Each structure stands twice: as structure tokens, then as C-alpha cells.
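Scroll down for the structure; my scribbles are underneath it.
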Amino acid sequence: MTGHEKAQGPKHKRDLTRRKVIVAGTGAVVAAGVGGTFAAGAFAGEETPAAGAKTAGTSGETCYKLTSETTEGPYYIDADKLRRDVTEDQDGIPLTLRLKVIDADTCKPLANAAVDIWHCNALGVYSGYEAMGSGGGGGGGGGTPPSGSPTGSPTDSPTGSPTGAPPGGGGGGGGHEEPTDDERYLRGTWRTDKKGEVAFRTVFPGWYQGRCVHIHTKVHVNGTWTEAGYEGGTTCHTGQLFFDEASVLATAEVAPYSANTTARTTLDEDTIYPGNGTEGGLLKLKYKKGAIAKGVVATLTMGVDPEATQDGTSAG
């Protein structure tokens, strides 16, 4: 995903009212030894209050700024697995992601909403798109770049006119890409509790050419939870979650991130990050200084409009 994410629309639209999530999860895993905005028990499904939680605002007032909407990017896969632990066999720094979803107008929590997350692994590869390499760039994010200068001179000139659609890949820009495999690591969906809170266990994302380190997310409301998963409803928020530069630099010193030789785009250089802090999806991170490899807790409150439809597939 490059700056083209903003400029180009998707190749197709999906009918979100027929959305279905496959149930394939296990029990919750509680992160130990690290703190966060929400109590640790929230990950295990315990109903523990969040510190400093806001109450409903006065009628007619906006009590919380809307979290910025962004593009969903090329690598969203509908019908992700219904689970909180999305790690599977992926190596990386343990990350506990705790999100709180509230109505930005009333500050009331959105209970029973379906929250999706998906992101690349430590070397910049997305599950479902392994053939595209690091972020669709055709490489795995590791290895040694070519050296030396090209030799010889080009011969002949191109003739005729180009036909067909432009090629995909090259960093993952543009519209939606069809999956190339059945892998689904680092993807998952779970419901918010009555306090609007949801927690995932994953690994700290890596990076790929043209994008800073990030996690994609969607919030779906007004659907139905069934034995088969989550059906129907609308998508009221599509966004991305971002990491501060100091923390990303700390991860780059730790394996397997240290093996990722892809040129990294900083947070300030990224073309998708709105530059407005937590309102734009910048996560609050907590970890032991000098020991980030032991684990990170990331938290964010997302203010959404439950009446809106924000599927992230429009240009801009």
C-alpha cells in the first residue's frame, strides 16, 4: 500500500449487508507483565471498568471527536476468523491491542459491534497475499538488495499501444486485490462487550515499502451474532492504527524485525496517517523501556458514528 491508496478506488464493491464471519477461534489469552488503559481482565472477557471512562455527553453536544476514516487498502478479506488471538505461528513481539468503541456524539459505548483487525507480519507480508511478497512489492522484506550499476544500452523502441489494466502489486497501492492463498494469520474479528471494549492478541507489525507501521480496522454495527458468526449490518468505521516512531525504531533492533531490509517509511512520511494523533489512530503504547521484546500493550478509544456507512472503498 503506497500513496495510491488515497488516489484510487477499489476494483469492486462488496455487499456488507450480507457479510458473514466464519467462527474459528479459541479462548482468550491474557497478557502478563504489561499494563494498559483497560484492565488486563478485559482481554479474558472480565467486565473491568476502564480508567477515566467518559460518561454520556449533554444532548446535542459532540462529546468526542470522530476517529479519522481511511482507506481499507488492497488486502481486506471478508469473512475473517472470529477470534481474539490472531497470532497463529507468526514470530514477533507480543502485542495486546485493546480498543474501546464509542458513539462520538453521545460517548456511549457501542456494545456487540464487530471489530475487524488485519496487518502484515514482521517482514511486511500479508496473509492471503504471500505471493505478492512484502506489501505487494514482490519481495519478502528480507535479503540483500542488488548491487552495482546496469550495463549495456537499451535496444529498439516500444511499439503499439498498451492494453488491459495496469499491473497490481508494487507496494500494495490501488484497489482491492484478490487473495492468492488461504492463509489468514494476523486477521480476526471479535465483538465489543457492554463497555464497548474488545481486545486482541497479535504481534507488533513490521513494515513494507511505501507505508509506515500500521494495523487496519473496521467496525460493523446492526448485524446479528449467530452460531455461524456475524451476519448483516453496516460498516460504520474503517481506519488504520499507527505506532510512534520511537517504538518502531526499538522493534527494528529485535529479531525478526531486524532481518527486514525493506526501506521503511516513517510516520511523518506516510501518506495515509492524518497527522492528528489519537484522533487519527495513533495508539497509546506501554512497554518496559529497553525490553520491548517482552511485549507491548496498545490502547485506543475510537469515536465513531454508528449511523454512518464508512466502508473505506471510496477515493480520498
Side-chain angles (χ1 to χ4, degrees), residues 1-10 65-76 92-93 95 97 117-126 129 132-146 166-177 186 202-217 238-254 256-285 287 292 296 298-300 302 312-316:
M1 284 173 285
T2 65
H4 292 102
E5 276 188 359
K6 277 189 171 180
Q8 299 183 14
K65 290 184 178 180
L66 283 168
T67 301
S68 300
E69 300 294 326
T70 66
T71 174
E72 73 173 23
Y75 304 129
Y76 175 62
I93 296 169
L95 175 68
L97 177 64
I117 65 164
W118 71 101
H119 62 86
C120 69
N121 66 11
L123 296 182
V125 177
Y126 281 90
Y129 299 89
M132 295 185 177
S134 177
T144 304
H176 180 77
E177 297 283 350
L186 307 182
T202 183
V203 297
F204 204 104
W207 59 90
Y208 51 89
Q209 186 176 2
R211 287 303 316 278
C212 69
V213 175
H214 63 283
I215 293 175
H216 293 266
T217 187
T238 298
Q240 297 183 26
L241 311 175
F242 300 94
F243 298 79
D244 67 81
E245 192 66 16
S247 300
V248 173
L249 287 172
T251 67
E253 302 298 319
V254 178
Y257 307 90
S258 55
N260 189 341
T261 60
T262 301
R264 189 176 61 81
T265 298
T266 67
L267 185 66
D268 289 340
E269 294 169 338
D270 191 74
T271 59
I272 304 297
Y273 173 56
N276 51 350
T278 54
E279 182 185 347
L282 185 64
L283 293 163
K284 296 179 180 179
L285 305 181
Y287 54 91
I292 195 170
V296 178
T299 60
L300 186 71
M302 299 190 297
T313 59
S314 59

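What you see is a predicted model; the values in this text were computed from it and never measured.
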Derivation of the side chain to side chain contact (heavy atoms under 4.5 Å, CB included) call for Asn276 and Lys65: CA-CA 11 Å; Asn276 51 350; Lys65 290 184 178 180; over 6 Å; no
Verdict with reasoning, His216 to Tyr75, per side chain to side chain contact (heavy atoms under 4.5 Å, CB included): CA-CA 9 Å; His216 293 266; Tyr75 304 129; over 6 Å; no
Chi angles and distances behind the side chain to side chain contact (heavy atoms under 4.5 Å, CB included) call for Arg211, Thr265: CA-CA 5 Å; Arg211 287 303 316 278; Thr265 298; 5.6 Å; no
Residue pair Thr262, Asn260: steps toward the side-chain hydrogen bond (donor to acceptor under 3.5 Å, both in side chains) verdict: CA-CA 6 Å; Thr262 301; Asn260 189 341; 3.2 Å; yes
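Leu241 contributes atom CG, which lies 11.5 Å from atom OH of Tyr273 (distance to the nearest 0.5 angstrom). In this structure, OG1 in Thr67 is found 12.0 Å from CG in Leu282, a value given to the nearest 0.5 Å. How far CE of Met302 is from CG of Leu66: 12.0 Å, rounded to the nearest 0.5 Å. Note that CH2 of Trp118 is 7.0 Å distant from OG1 of Thr217, once rounded to the nearest 0.5 Å. For the atom pair CG (Leu285) and CZ (Phe204), the distance works out to 6.0 Å, reported to the nearest 0.5 Å.
Residues Glu69 and Thr238 come closest through the heavy atom pair OE1-N, 2.8 Å. In terms of heavy atoms, Ala263 sits closest to Trp207 at O-CD1, 4.3 Å. The heavy-atom pair separating Cys120 from Leu186 by the smallest distance is O-CD1, 3.5 Å.
Without hydrogens or angle criteria, Tyr208 side chain to Cys212 main chain gives no donor-acceptor distance under 3.5 Å. Here the side chain of Tyr76 pairs no donor or acceptor atom with the backbone of Gly312 at under 3.5 angstrom. Counting only distance, with no hydrogens or angles, the side chain of Tyr129 and the backbone of Glu177 share a donor-acceptor pair below 3.5 Å. Without hydrogens or angle criteria, Gln240 side chain to Ser68 main chain gives no donor-acceptor distance under 3.5 Å.
Taking 4.5 Å as the limit, some side-chain heavy atom of Pro205 sits within range of a side-chain heavy atom of Leu95.
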Only pairs under 3.5 Å count here: list side-chain donor-acceptor contacts from residues 244-252, not counting sequence neighbours, and write none if there are none.
residue	atom	partner	partner atom	Å
Asp244	OD1	Ala246	N	3.3
Asp244	OD1	Ser247	N	2.9
Asp244	OD1	Ser247	OG	2.9
Asp244	OD2	Ser247	OG	3.0
Glu245	OE1	Arg264	NH1	3.4
Glu245	OE1	Leu267	N	3.3
Glu245	OE2	Arg264	NH1	2.8
Glu245	OE2	Arg264	NH2	2.5
Ser247	OG	Tyr287	OH	3.0
Thr251	OG1	Val248	O	2.6

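For the side-chain contact (heavy atoms from CB on, under 4.5 Å) criterion with Phe242, the lone passing option out of Ile215, Thr278, Asp270, Leu300 is Asp270.
Using cut-offs of 30° and 60° on the angle between ring planes, the pair His214 and Tyr126 is tilted.
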